[in-house]
Amino acid sequence: GGWSAVLRMPAIKSEEEWVLEFLQKDHVLVHPGYFFDFDEEAYVVMSLLLPEKDFQTAIVRIMQRLSHL
């Protein structure tokens with residue numbers, strides 16, 4: 001179990017492409033929605049169990065990447 005946030009991503013990329021981009025370019029680990037049986041794309045899921053500062057850093061990086069679309 002755990003506590004997670006589900007983020008709906010623009011469907012311009014697959015969940016796998018989003019996950020790899022966040023990991024490789026932003027050093028942020030998220031999980032694709034299909035790990036959680038979402039039927040549609042594109043969702044990513046991130047843990048809320050990490051320290052607040054780490055979560056804040058990760059969400060800022062995600063938002064910066066999305067702002068460049």
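Please read all numbers here as calculations on a predicted model, not as lab measurements.
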| message | Which residues pass the side chain to side chain donor-acceptor pair (under 3.5 Å) test with Asp26, not counting sequence neighbours? | response | Arg65

Contacts table for residues 29-56: side-chain donor-acceptor under 3.5 angstrom, sequence neighbours left out:
unit_1 : atom_1 : unit_2 : atom_2 : d
Glu41  : OE1    : Glu15  : N      : 2.8
Tyr43  : OH     : Arg8   : NH1    : 2.9
Ser47  : OG     : Leu49  : N      : 3.0

| query | In the single-linkage hydrophobic clustering (I, L, V, M, F, W, Y; side-chain heavy atoms under 4.5 Å), do Leu23 and Ile59 co-cluster? | reply | no

| request: Identify the heavy atoms of His68 and Gln64 that sit nearest to each other, and give their distance. | output: ND1-O, 2.8 Å

| note | Of all heavy-atom pairs linking Gln24 and His27, the shortest is O-CE1, 4.0 Å

| query | Does a sphere of radius 6.0 Å around CD in Glu21 hold more than 12 heavy atoms from other residues, nucleotides or ligands, not counting ones at 6.0 Å or beyond? | reply | yes

| field | Single-linkage hydrophobic cluster, 4.5 Å side-chain cutoff, Val6 and Met63 together | value | no

| Rounded distance [0.5 Å steps], CH2 in Trp18 versus CD1 in Ile12 | 4.5 Å

| request: With the side chain counted from C-beta on, respond yes when Leu66 and Leu69 share a heavy-atom pair under 4.5 Å apart, and no when they do not. | output: yes

